[in-house]
Trainee: 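First, the structure itself, so that you have it in front of you.
Heavy atoms only: backbone and side chains are in, while hydrogens, waters and symmetry mates are out. When a ligand or atom number is given, it counts from 1 through the structure's own listing order.
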Amino acid sequence: MAKDEKKLTTGFGMPVDNDLNSMTAGPKGPVLVQDVHLIEKLAHFDRERIPERVVHAKGAGAHGYFEVTRDISMYTRAKFLSKPGKRTEVFLRFSTVGGEKGSADSERDPRGFAVKFYTEEGNYDMVGNNTPVFFIRDPLKFPDFIHTQKRNPATNLKDPDMFWDFLSLTPESIHQVTILFSDRGTPKGFRNMNGYSSHTYMWYNEKGEYHWIKFHFKTEQGIQNFTGQEADRMRGIDPDVATRDLHQAIARGEFPAWRVEVQIMTPEQAKNYKFDPFDITKVWPHADFPPLAIGRMVLDRNPENYFAEVEQAAFSPGNFVPGIGPSPDKMLQGRLFSYHDTHRHRLGPNYHLLPVNAPKAAPMASYQRDGAMRFDNNGGGGPNYWPNSFGGPTPVPGTGIPPIDVAGAAARHAYVLGDVDFVQAGALYRKVMTDMDREHLVGNIVGHLGGAKKAIQLRQTALFFKADPEYGERVAKGLGLNVDEVKKLAAMSQEERVKATQV
Ligand code: NDP
């Protein structure tokens with residue numbers, strides 16, 4: 001054996017004498033149960049798979065750093081944001097949303113953009129997407145929405161009827177649908193897209209003064225998208241195109257970077273703004289809330305082991321540090337619960353101890369004990385309850401979020417569906433998109449919605465018409481629908497429209 005060659009052992013360190021031949025009774029078998037090495041090897045293999053994420057199953061990740069470029073200490077007490085030049089280690093996971101773990105990277109889908117900042121006050125996770133808005137604004141609708149993006153329960157096929165039935169019954173989705181069916185719904189790779197917190201968060205300073213903020217991560221590589229046809233082709237040519245592109249760029253030393261910006265709103269502005277600023281189906285217009293560049297994020301190191309670092313990475317919008325807190329955004333409130341919960345299911349109750357998830361720059365000291373796979377010293381001999389008189393960790397008063405006023409009856413309050421829900425989808429179509437963007441948008445919608453039943457096509461096309469008459473007319477013509485019928489449906493209330501378009 002060469003001097004620095006490693007010895008093969010069992011999982012328990014015993015040297016393995018032979019890894020090619022099972023132990024058998026005679027040269028032709030049968031195999032003996034006393035071959036514990038064989039049994040251990042098969043049994044571990046049988047258990048290699050963990051549950052895949054119910055959403056964001058296909059992903060890629062990389063390590064890097066975030067550097068502050070502006071003094072923002074008047075807005076937030078977060079130490080990692082305390083002064084220009086300060087650097088914090090990060091891990092970022094990109095993903096698609098609806099597809100399975102082996103699905104193609106070029107599918108039309110939002111992309112996940114989840115950043116873990118390993119700060120000296122604990123890990124802060126910004127769990128965003130490559131779109132600034134979302135389809136729905138109440139977490140009670142989330143499981144239903146995701147079911148429609150998955151497979152038909154009978155056929156196990158993707159189903160345009162399910163997809164468009166739900167969206168056409170959920171008009172607040174129109175803004176996100178318009179972004180998704182533009183070429184931004186099929187980014188060329190993870191390096192060539194922006195990331196957005198989408199949600200609003202609270203920033204608070206040492207004095208307890210707070211503001212509402214939204215994060216934007218602007219790609220320095222430039223936005224680059226596939227057309228619908230290119231994305232379809234790429235599914236066959238290279239289903240892992242975005243994963244490969246990220247890994248190879250970092251391996252070549254071309255480190256992708258993003259300019260980090262925030263939009264800031266005072267509590268008074270939030271009270272008086274023309275729409276609910278916590279409604280995740282809407283953006284804050286740049287003209288009203290100009291983005292402020294505050295930092296730069298660079299990815300400069302590939303993971304050494306995909307499963308250990310990417311598959312086991314667990315992000316939660318509920319991981320805050322002093323200086324950053326939640327807003328009343330209802331979707332965010334649902335996610336604050338759901339992310340930790342899904343990781344407990346997927347990885348076990350001690351998932352926070354896994355190296356990629358554990359705080360790296362801050363000590364961890366809690367009264368949580370035991371549970372499956374508790375692989376640190378489990379608090380040693382220290383006290384396991386609070387309050388105690390034996391020197392256990394003590395709470396740090398004054399670091400929590402400042403109080404905010406809330407009022408109103410406890411009830412299932414519906415958002416009032418109004419014309420304001422169509423304004424930003426219309427503005428995107430009319431003011432932001434180029435002629436080519438609009439052409440691709442309409443073509444992409446026609447190609448997908450064309451697979452749904454006619455009543456659903458009519459109901460959905462009426463929503464495009466409400467966003468912008470030209471937008472609706474072009475989709476109607478592309479689908480061969482009667483434009484006057486679409487116009488009539490667009491003039492109705494959602495309730496009347498649904499009655500008039502029974503499947
Ligand atoms: P602005 O003209 O100030 O901003 C427009 C934004 O749209 C830019 O940030 C641009 O991002 C982005 N954009 C360009 N093309 C597309 C596309 N095909 N799909 C999605 N986004 C695109 O306008 P407003 O702030 O008044 O917003 C107008 C509309 O722009 C909104 O209704 C919304 O649909 C969209 N938008 C707004 C954002 C915001 O935070 N205000 C963020 C992203 C989109 P880039 O600079 O990267 O090209």
Side-chain angles (χ1 to χ4, degrees), residues 108-111 113 126 128-135 137 171-201 212-228 230-231 256-265 269-270 273-294 296-297 327 329 418-445 463-464 466-468 470-471 474-475:
R108 181 170 308 285
D109 209 0
R111 301 292 187 270
F113 192 104
M126 203 295 304
N129 278 333
N130 71 329
T131 60
V133 293
F134 198 60
F135 299 88
R137 51 193 166 192
E172 67 268 30
S173 62
I174 189 74
H175 192 187
Q176 174 77 318
V177 167
T178 302
I179 296 175
L180 181 65
F181 279 84
S182 78
D183 287 343
R184 289 204 180 192
T186 50
K188 257 196 184 152
F190 298 131
R191 295 186 296 146
N192 295 103
M193 61 186 206
N194 293 338
Y196 303 89
S197 64
S198 317
H199 297 296
T200 300
Y201 290 97
W212 303 116
I213 67 109
K214 279 180 187 286
F215 281 107
H216 301 247
F217 290 67
K218 293 295 190 80
T219 174
E220 288 184 8
Q221 294 67 241
I223 300 265
Q224 282 188 39
N225 304 308
F226 288 127
T227 62
E230 286 168 344
W258 284 261
R259 186 174 71 256
V260 183
E261 301 175 347
V262 287
Q263 286 180 291
I264 302 178
M265 188 186 280
Q269 285 172 316
Y273 199 57
K274 56 188 174 195
F275 57 78
D276 174 3
F278 307 116
D279 171 354
I280 195 178
T281 66
K282 308 208 168 37
V283 296
W284 296 354
H286 291 160
D288 294 347
F289 303 97
L292 197 68
I294 64 151
R296 185 165 185 264
M297 183 177 71
S327 76
D329 175 339
D419 284 346
V420 69
D421 287 329
F422 297 90
V423 168
Q424 294 192 341
L428 177 62
Y429 178 83
R430 272 188 309 277
K431 293 196 335 214
V432 179
M433 288 186 175
T434 62
D435 284 345
M436 190 195 274
D437 290 337
R438 284 187 280 262
E439 194 185 313
H440 289 185
L441 170 73
V442 170
N444 293 336
I445 291 172
L463 300 182
F464 294 129
K466 280 179 75 67
D468 182 275
E470 183 200 281
Y471 181 13
R474 286 176 71 174
V475 172

Trainee: Going by the atom numbers of ligand 1, which of them fall below 4.0 Å from some non-hydrogen atom of W284?
Mentor: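 Answer for ligand 1: 39 (C), 40 (O), 41 (N).
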Trainee: Identify the protein heavy atom lying closest to atom 31 (C) of ligand 1, giving its residue, its atom name and the separation to 0.1 Å.
Mentor: V283 CG2, 3.7 Å
Trainee: Numbering the atoms of ligand 1 from 1, which are under 4.0 Å from a heavy atom of N194?
Mentor: 47 (O)
Trainee: Which residues satisfy the side chain to side chain donor-acceptor pair (under 3.5 Å) test with S327, sequence neighbours excluded?
Mentor: none
Trainee: Will you find, in the side chains of T281 and Q176, an N or O donor that is under 3.5 Å from an N or O acceptor?
Mentor: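 Side-chain D/A pair, T281 to Q176: absent.
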Trainee: Does Y196 reach ligand 1 with a nitrogen or oxygen that is under 3.5 Å from one of the ligand's nitrogen or oxygen atoms?
Mentor: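 Such a contact does not occur with ligand 1.
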Trainee: Can you tell me which residue among P132, P291, P290, P277 is in a side chain to side chain contact (heavy atoms under 4.5 Å, CB included) with W284?
Mentor: P277
Trainee: Under 3.5 Å, is there a donor-acceptor pair linking the side chains of Y201 and D329?
Mentor: no
Trainee: When you measure from atom 30 (O) of ligand 1 to every protein heavy atom, which one gives the shortest distance, and what is it?
Mentor: V432 CG2, 3.6 Å
Trainee: Looking at non-hydrogen atoms alone, which of H175, R184, Q263, Q176 comes nearest to atom 17 (C) of ligand 1?
Mentor: R184
Trainee: Please tell me if the side chains of R111 and N129 come closer than 4.5 Å, counting only heavy atoms from C-beta onward.
Mentor: no
Trainee: Is it true that A287 lies under 4.0 Å from ligand 1, counting heavy atoms only?
Mentor: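 Per 4.0 Å heavy-atom rule, A287 does not contact ligand 1.
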Trainee: Under 4.0 Å between a Lys/Arg side-chain N and an Asp/Glu carboxylate O for K188 and D183?
Mentor: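 Salt bridge absent between K188 and D183.
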Trainee: Which one holds for K214 and ligand 1: side chain close, backbone close, both close, or neither close, with close meaning a heavy atom under 4.0 Å?
Mentor: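 Neither part.
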Trainee: Measuring from atom 8 (C) of ligand 1, which candidate in R438, Q424, H286, R430 has the nearest non-hydrogen atom?
Mentor: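 Among R438, Q424, H286, R430, the closest heavy atom to atom 8 (C) of ligand 1 comes from H286.
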